[in-house]
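Reading through the structure tokens given below for one structure.
In what follows, chains carry the letters A, B, and so on, assigned in the order in which the sequence lines appear, proteins first and then strands, with residues in each chain numbered from 1.
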Protein chains: 2
Amino acid sequence: MATMQDVARLANVSLSTVSYALSETRPVTAATKARIEAAMSELGYHRNAAARSLASHRSHVLALIFPAMQQGLGGTVTEFVASAADTARQSGYQLVLWPFGATQSREIRDLAQQGQADGVLLMEVRLDDPRVEALRKAGVPFTMIGRTARVDDLSYVDIDFTRTTEDAVAYLTDLGHERIAFLNHSQASREEGYGPTVRAHDGYTAAMRRRGLVPHAILCDESPGAGRTAMSELLAGDPDLTAVITMNEIATFGVTVELQSRDLQIPRDVSVLAIVTSPGVGAMSHPPLTTMHAPGAALGRLGVQSLLALLQVGETPSTDPVLLPCPLEPGGSTGPVPPERRR
Amino acid sequence: MATMQDVARLANVSLSTVSYALSETRPVTAATKARIEAAMSELGYHRNAAARSLASHRSHVLALIFPAMQQGLGGTVTEFVASAADTARQSGYQLVLWPFGATQSREIRDLAQQGQADGVLLMEVRLDDPRVEALRKAGVPFTMIGRTARVDDLSYVDIDFTRTTEDAVAYLTDLGHERIAFLNHSQASREEGYGPTVRAHDGYTAAMRRRGLVPHAILCDESPGAGRTAMSELLAGDPDLTAVITMNEIATFGVTVELQSRDLQIPRDVSVLAIVTSPGVGAMSHPPLTTMHAPGAALGRLGVQSLLALLQVGETPSTDPVLLPCPLEPGGSTGPVPPERRR
DNA sequence: CGAATTCATCGAAGCGCTTCGACGAAGCGC
DNA sequence: GCGCTTCGTCGAAGCGCTTCGATGAATTCG
């Protein structure tokens with residue numbers, strides 16, 4: 001394996017000139033640069049990552065704290081990770097995985113203090129997440145995917161739940177719906193402070209109230225069975241329901257089954273709008289669901305970009321926070337309220 | 001940030017002794033070790049990863065070549081990645097992601113030659129995969145997840161498609177089924193040499209023939225619509241079909257819909273057995289599907305272990321290949337053939 | 001009881017790179 | 001044309017660790 005010294009020798013320059021030519025930190029004449037490049041390709045030179053890190057105090061590694069917990073079908077996570085890894089690589093960084101849950105802030109700090117990563121991406125952030133404190137103590141720049149209750153001056157990228165629920169309600173009211181229920185994630189998720197559960201609930205409630213409509217939200221475990229039961233309860237609470245927004249893709253399968261078993265047709269009798277879904281889930285139901293899907297790839301890309309911006313400027317964590325709405329993907333599960341059901 | 005030198009000074013030993021105490025490469029008396037440990041914790045010492053790599057020529061990093069292509073719902077991939085990252089970490093390794101498809105062997109070789117990783121895990125291997133050659137040329141030890149057509153002495157971990165299809169057929173024949181169809185992945189996937197498509201086809205065909213039964217396999221795109229069409233075709237081909245094995249989870253949703261729309265009850269009229277599924281998909285249908293799910297977590301763990309074994313022994317790539325069957329998860333979509341339909 | 005081992009520890013030589021200060025050569029204005 | 005800055009390049013000092021050979025002390029054995 002050729003070293004920089006070998007390249008320098010072959011190009012008849014000093015080692016440091018080679019370094020400057022590569023990093024462009026100091027000017028190097030075109031002629032010299034050409035000789036160096038020729039030498040490099042002749043020797044098949046690749047600079048050694050470890051030596052670079054040691055001398056420069058930067059590892060060119062970003063760590064992704066990866067959720068142990070599996071919400072949903074995993075498609076969004078996969079998209080996110082792939083996109084983050086790709087964006088990082090294109091900027092000359094590597095993405096490493098740190099599989100740590102919210103309870104392992106100790107391990108996170110240890111790794112962070114070893115200087116293993118220049119920056120950290122923290123996924124599946126809870127409203128009150130001890131890992132945030134651990135990272136701050138370790139002094140590593142980090143960007144959250146999701147956000148804590150208080151974001152202070154922390155860098156983050158998240159789904160815009162307020163806007164997404166507002167858009168969902170607006171879409172349905174535009175179709176004439178007024179009795180719109182909301183089927184959320186589980187009770188457990190709310191109790192552990194899972195941001196989406198809380199923010200979507202608030203967003204939905206606000207969007208309904210703003211229109212003078214009565215919100216009707218329900219928490220629901222992640223299973224089709226729970227979805228059926230929840231749908232029953234919603235109908236018991238308001239038999240005249242014309243639409244339901246779901247943010248629980250597994251339960252949504254139960255919702256459609258329950259409606260079918262009651263001979264309620266989708267979307268003629270009840271419209272179903274699934275929000276924050278994984279890629280492709282809409283197509284799995286019959287009729288295909290109208291969805292507002294989670295922007296996994298965009299979150300990955302923007303998360304890495306925010307983090308890199310943070311590394312550039314150094315001390316100033318003034319990167320704009322980023323909130324992304326879930327784009328609407330029309331399907332066959334939503335439609336106008338039939339005239340006879342309008343009040 | 002304290003260095004090893006600082007620790008040595010505080011513990012009144014030489015730098016090298018501290019190193020030996022940490023790596024246990026040479027004996028160090030208990031007393032000395034204790035002093036060193038005290039000094040380390042007093043200073044909050046963490047060894048520097050870059051310096052270690054530089055001096056030892058090992059990065060303690062494993063790379064995972066990550067599929068750009070999204071097959072299925074992503075749940076298995078997520079499980080796999082999480083489990084691989086966790087196993088690596090427990091052995092003192094980091095897992096980095098290299099998001100490269102089968103066409104980017106050039107980039108792979110570049111990264112590999114920079115010595116960025118001690119070993120590589122290659123996911124989504126094709127039957128004839130150029131990346132294998134690239135890795136071999138780069139001289140990096142690697143383990144495949146999946147396998148090429150000829151495995152020679154390559155290290156790999158894969159799903160045992162022969163055994164899984166055999167088990168699937170056996171399970172159904174035990175229930176009295178004889179007219180068993182197989183709904184595979186897409187035509188396209190077979191053409192690009194996607195191992196599972198080919199191996200499962202062969203396994204199913206062999207299992208049927210061995211029992212004197214007539215195989216009836218069909219390729220199918222990854223969508224519920226294609227699944228419906230395929231199911232129609234299968235029924236057209238053999239109206240007396242009593243069971244179908246599917247290895248295409250998205251299409252399986254269409255299969256159940258098509259059966260329902262023909263008033264064929266599952267499992268009374270037709271049994272459905274979904275094999276190589278993502279975690280949780282069985283529960284998404286009604287009735288819940290009987291599945292044989294892909295052992296994502298086990299593959300991740302064993303893949304890393306095989307790779308680490310390869311790194312240990314150095315030259316001898318004699319790690320046993322590993323083939324894992326998909327365990328059966330009973331559901332409500334399979335049942336015995338009613339007596340009147342037996343021939 | 002002295003020679004031969006064994007044992008724990010030390011010092012020093014790198015690993016391959018970044019980065020700083022220095023230094024001639026060229027370019028500038030008056 | 002003389003001092004001054006600017007430009008391109010060089011040499012050397014690390015970065016923090018692993019690892020090898022050496023060294024003296026403790027242990028063993030004939």
Side-chain angles (χ1 to χ4, degrees), chain A residues 1-37 39-40 43-61 92 94 110-118 311 314, chain B residues 1-37 39-40 43-61 92 94 111 113-118 311 314:
Chain A
M1 192 110 299
T3 75
M4 210 171 233
Q5 189 58 263
D6 299 333
V7 174
R9 211 142 29 209
L10 187 59
N12 256 307
V13 292
S14 85
L15 199 173
S16 51
T17 304
V18 177
S19 176
Y20 290 127
L22 248 61
S23 64
E24 310 196 315
T25 352
R26 284 196 186 177
V28 171
T29 47
T32 316
K33 202 171 208 165
R35 283 208 322 282
I36 291 175
E37 273 160 9
M40 289 201 304
L43 296 171
Y45 171 78
H46 286 286
R47 69 229 272 207
N48 178 300
R52 231 148 86 78
S53 311
L54 180 58
S56 66
H57 304 282
R58 347 182 56 261
S59 61
H60 279 251
V61 162
Q94 305 251 25
D110 281 358
L111 272 187
Q113 285 178 337
Q114 283 171 56
Q116 301 260 28
D118 292 343
L311 297 185
Chain B
M1 190 111 300
T3 75
M4 212 172 231
Q5 190 58 263
D6 300 334
V7 174
R9 214 147 23 215
L10 186 59
N12 254 306
V13 293
S14 84
L15 201 174
S16 51
T17 304
V18 177
S19 177
Y20 290 127
L22 246 62
S23 64
E24 308 197 315
T25 352
R26 283 195 186 178
V28 171
T29 46
T32 316
K33 201 171 208 165
R35 281 210 322 281
I36 291 176
E37 274 161 7
M40 289 199 306
L43 295 172
Y45 171 78
H46 287 286
R47 69 225 277 205
N48 179 299
R52 229 147 88 79
S53 311
L54 180 58
S56 66
H57 303 282
R58 342 183 60 259
S59 61
H60 280 253
V61 163
Q94 304 251 27
L111 272 186
Q113 285 178 339
Q114 282 172 56
Q116 301 260 27
D118 292 343
L311 297 184

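Under the rule for a side chain to side chain contact (heavy atoms under 4.5 Å, CB included), the partners of B:L22 that lie at least two apart in sequence or sit in another chain are B:M4, B:M40, B:Y45, B:R47. A search for ring-ring contact (aromatic ring centres under 6.0 Å, His included) contacts involving B:H57 returns nothing, not counting sequence neighbours. Partners of A:S14 according to the side chain to side chain donor-acceptor pair (under 3.5 Å) rule, which considers only residues two or more places apart in sequence or in another chain, are A:S16, A:T17. Partners of A:L111 according to the side chain to side chain contact (heavy atoms under 4.5 Å, CB included) rule, which considers only residues two or more places apart in sequence or in another chain, are A:W98, A:F100, A:Q114, A:Q116, B:Q94. Applying the side chain to side chain donor-acceptor pair (under 3.5 Å) criterion to B:D118, with sequence neighbours excluded, gives B:S59.
One interatomic measurement links the two molecules: CG of A:N12 to C1' of D:dC10, which rounds to 13 Å at whole-angstrom precision.
The end-to-end axis angle of the helix from C:dC1-D:dG30 to C:dC30-D:dG1, rounded to 10 degrees and based on five pairs per end, is 30°.
With rounding to the nearest 0.5 Å, the separation of CG in B:L43 from CE in B:M1 is 10.5 Å.
Pairs passing the salt bridge (Lys or Arg N to Asp or Glu O under 4.0 Å) check and including a residue from residues 1-23 of chain B, sequence neighbours excluded, read B:D6-B:R9.
Mapping A:T32 and B:M1 onto DNA chain D via the closest heavy atom, the residue that lands nearer the 5' end is A:T32.
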Q. What is the per-nucleotide protein-contact pattern of nucleotides 17-26 of chain C, from the 5' end, where B denotes a base atom under 4.0 Å from a protein heavy atom, S denotes such proximity for sugar-phosphate atoms only, and - denotes neither?
A. BBBBBB----

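Residue contacts shown for A:S53 are absent, as no nucleic acid heavy atom lies under 4.0 Å away.
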Under 3.5 Å, sequence neighbours excluded: what are the donor-acceptor pairs made by side chains of residues 26-33 of chain B?
from, atom 1, to, atom 2, distance (Å)
B:T29, OG1, B:T32, OG1, 2.5
B:K33, NZ, B:E24, OE2, 3.1

